[in-house]
Amino acid sequence: MQDEAALAINKNERPTARRQRAWNPRLLILLIPPIIWLSIFLFAPYAVLFINSFWKVDFGSIVHEFTWGNYTKFFTNSLYYGTFLKTLKIAAWVTVFSILLSYPLAYFINFKIKKNKQLFYTLVIIPLWVSYLVRAYAWKIVLGQDGILNNVLLAVGLIDHPMEIFLYSQYAVVLALTHIYTPWVLMSIYTSLEHIPRDVLEASKDLGAGRFRTFFRVVLPLSLPGLIAGATFAFVLTMGDFLAPQLLGGTSSMMVSNVVYSLFGVANNWPLGSTIGILTLFVVLGILQLTHRLEHRTTSFEAGTRGR
Amino acid sequence: MNPIVELVQVEKRFGSETVVKGIDLAVRKGEFLTILGPSGCGKTTTLRMIAGFERPTGGEILLEGRNVVDVPPYKRDVNTVFQSYALFPHMTVYDNIAYGLKMKGVPMAQRADRVKEVLRMVQLEPMAGRKPMQLSGGQQQRVAVARALINNPKVLLLDEPLGALDLKLRKQMQIELKHLQQRLGITFIYITHDQEEALTMSDRIAVMNQGRIEQVATPEEIYHYPQSKYVADFIGETNLLDVQIVSRTDSGIVLDYAGRKLVGKLGRNQTPTDKMTLSVRPERIRMAKEEEADWPFALPGKVEEVIFVGSFVRTIVRLTDGTQLHAMAPSQGKAAFTAGEQVWLGWEEADGIVIGA
């Protein structure tokens, strides 16, 4: 009974303590530098982008006249909304493959490896030390017409002439991006698996659940926050990627960033580029908001300290 | 009656280190047995082997006469209350408790009744919808017990379940657990390093030290008839003296302690050898200012300190050879002795237990 009373006090304490936290003038002064920093480097550029998206373009030069035209163009021209949907699709595939690759590996390193756990973890992380460009080019060497894959297949006799579809296709883009983002997803999942106390798994077995039921009822739910964070990472970073499609994708697998890149460059249509940039930004923000909520809802540890 | 759990020469090695060194233990059906020992003595490993989380490297573990060494934990009719409670953080109290039934495939309707019953038993009905994080330590502890009891295990294993609670709550939970065990009639194997807890709760205590069981007996027996120096020292408080046997009488033994005659009684299962240890409890030592004629013997000493501890007075006496003895006596109006005073110490034959050195 006594501890119930103690709990009741605790429960009341937290919200009141938060409500009473008054605005401290010194705190405000401390906040000024980061506010200025954020304004100059984050809010101002987005504001410029946002404003730009409403200007007109006349024969390659910007006319400062308000229009919804850029937005209508985006939603009516399949080149633009189609590319956007394709980007979402590629991002979704990259996310799915990254999870499929990294979850079992993270599980294995965390639960099955007893010695040299750190070594295995580091081995997985090492690709991150290699430049993105090098990794993307490496795939060119593997997938190219005179690449390793074609040569192996020719030698084995599975094909009689080099295949072109390996490179310059959506598959190549998905493959390379999966390779590039898998370590990130793995790190995130690994961390959440690491936080699961071993005796919770033992408790599950003790109560009659075998390995599989323990996994689906205890391990997976408890690792969801890490899984969601990793998936968000892979998805959002793929959304904004333009090097992989540029190097490995060919014209058919242009992604949003490539379109924006060409609108700001060759096409010299900054307003439309800004429009696509702003729309991408909102979609990404929406995804982040959604996953943040999901992550929060699935977080079981340190409840109360992490939540807002 | 056949034991419900029996350990036969159970041994556990981790690499080159032998943590449990071939122990034998028979647990009776319906008893509250405590495995008591200091940290690192192998008691938790022993419990984990009974639960099935560790596989013994030697010997057999019999559950109702059947060797379960190769049976995985989820197929043993044994449940565990973990030291850290190990509640599922993502499930409500209700789901935590229902977990065992769900895994056993008990239909939903029956499940609900049984969970309610158990919740009532541990007085947590209003907490059913909460997550473990929203409970106090004592409440979490009760959920852990309820969750482990839901499947009516043949044996409940408890690994220092009260270790994380504050003293007052711990005392209260000791009584609660003991009552619960008596009411349900389920065999409890309880692990603790707290000798007072062991004495309070157990039907029998197995004292473990360095991977071996030193003695298995009722709390009274353990306290009054320790079988080894270690047990005498670990349970309660005692004075230990190195003695030699002079002669044996009908009722006891005459001993030599640094040239002085003492009396005592041979402890149970002890073989007399040259060097023995005499254990005498502080509350069994009597003191006098003069050498009393009707005492069988008397040891001279000097009072070094008199400590008032409330209901008792502790007197520390230094013998002529420098050894300190502690004596406890109920406190009276004023202290009977003062520091620096010469005193004589003695005890009854039956209170000086002679055990192997």
Side-chain angles (χ1 to χ4, degrees), chain A residues 1-15 111 114-116 192-228 294-307, chain B residues 48 51-54 72-92 95-106 123-124 126-127 130-142 144 147-148 150-151 153 156-157 159 165-166 168-169 172-173:
Chain A
M1 313 303 105
Q2 207 176 357
D3 42 316
E4 271 176 37
L7 180 78
I9 290 164
N10 266 334
K11 284 240 88 181
N12 291 336
E13 228 168 51
R14 227 178 273 138
F111 290 113
K114 302 271 187 268
K115 279 187 214 160
N116 300 327
S192 69
L193 288 175
E194 217 179 12
H195 276 103
I196 302 177
R198 291 299 176 275
D199 53 12
V200 169
L201 307 189
E202 283 180 350
S204 170
K205 285 181 186 156
D206 190 65
L207 292 163
R211 199 177 303 165
F212 288 102
R213 286 200 289 182
T214 298
F215 176 78
F216 285 109
R217 289 186 180 269
V218 180
V219 179
L220 188 61
L222 288 178
S223 64
L224 271 184
L227 186 70
I228 293 166
L294 269 177
E295 219 177 302
H296 185 224
R297 195 180 301 167
T298 52
T299 301
S300 315
F301 301 110
E302 313 143 65
T305 53
R306 253 174 95 167
Chain B
R48 289 172 58 80
F53 302 133
E54 304 282 357
Y74 53 90
K75 284 183 183 160
R76 294 191 193 191
D77 268 350
V78 165
N79 286 121
T80 310
V81 177
F82 293 82
Q83 186 169 10
S84 57
Y85 315 140
L87 300 177
F88 304 123
H90 56 303
M91 297 182 199
T92 59
D95 289 332
N96 261 284
I97 295 177
Y99 194 82
L101 294 176
K102 215 182 266 178
M103 293 306 114
K104 286 272 181 315
V106 175
Q123 297 156 32
L124 280 175
M127 306 288 156
R130 294 212 186 161
K131 293 270 180 79
M133 286 291 173
Q134 298 168 301
L135 301 179
S136 69
Q139 291 167 335
Q140 290 185 18
Q141 209 279 330
R142 277 190 233 160
R147 186 180 68 173
I150 194 91
N151 281 341
L156 188 71
L157 308 172
D159 185 8
L165 305 179
D166 61 65
K168 207 172 159 199
L169 189 57
Q172 184 194 327
M173 290 301 297

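Below, read A as the first sequence line, B as the second, and so on, with proteins coming before strands; counting in each chain starts at 1. Being a predicted model, the structure only gives us computed values, none of them experimental.
With a 4.5 Å cut-off on non-hydrogen atoms, B:Leu101 does not touch chain A at all. Only the side chain of B:Asn151 has a heavy atom closer than 4.5 Å to any heavy atom of chain A. If you measure heavy-atom distances from B:Val81 to chain A, you find no contacts under 4.5 Å at all. Proximity to chain A (any heavy atom under 4.5 Å) is shown, for B:Arg147, by both the backbone and the side chain.
Looking only at heavy-atom pairs under 4.5 Å with chain B, the residue among A:Thr214, A:Leu224, A:Asp206 that has the most is A:Asp206. Per-residue counts of heavy-atom pairs under 4.5 Å with chain A were compared for B:Gln83, B:Lys131, B:Arg48; the largest is that of B:Arg48.
Within a 6.0 Å radius of NZ in B:Lys104, other residues, nucleotides and ligands contribute more than 12 heavy atoms. Within 6.0 Å of CZ in A:Arg297 there are 12 or fewer heavy atoms belonging to other residues, nucleotides or ligands.
Looking only at side-chain heavy atoms (C-beta outward), A:Arg217 and B:Tyr99 come within less than 4.5 Å of each other.
Between B:Ala86 and A:Ala203 the shortest heavy-atom distance is O-CB, 3.7 Å. Taking each heavy atom of B:His90 and A:Pro221 in turn, the nearest pair found is CD2-CB, 3.4 Å. The nearest pair of heavy atoms linking B:Met103 to A:Ala209 is SD-CB, 3.4 Å. Here the shortest heavy-atom pairing between B:Phe82 and A:Glu202 reads CE2-OE1, 3.7 Å. Pairing each heavy atom of B:Pro89 with each of A:Leu222, the nearest pair is CG-CD2, 3.6 Å.
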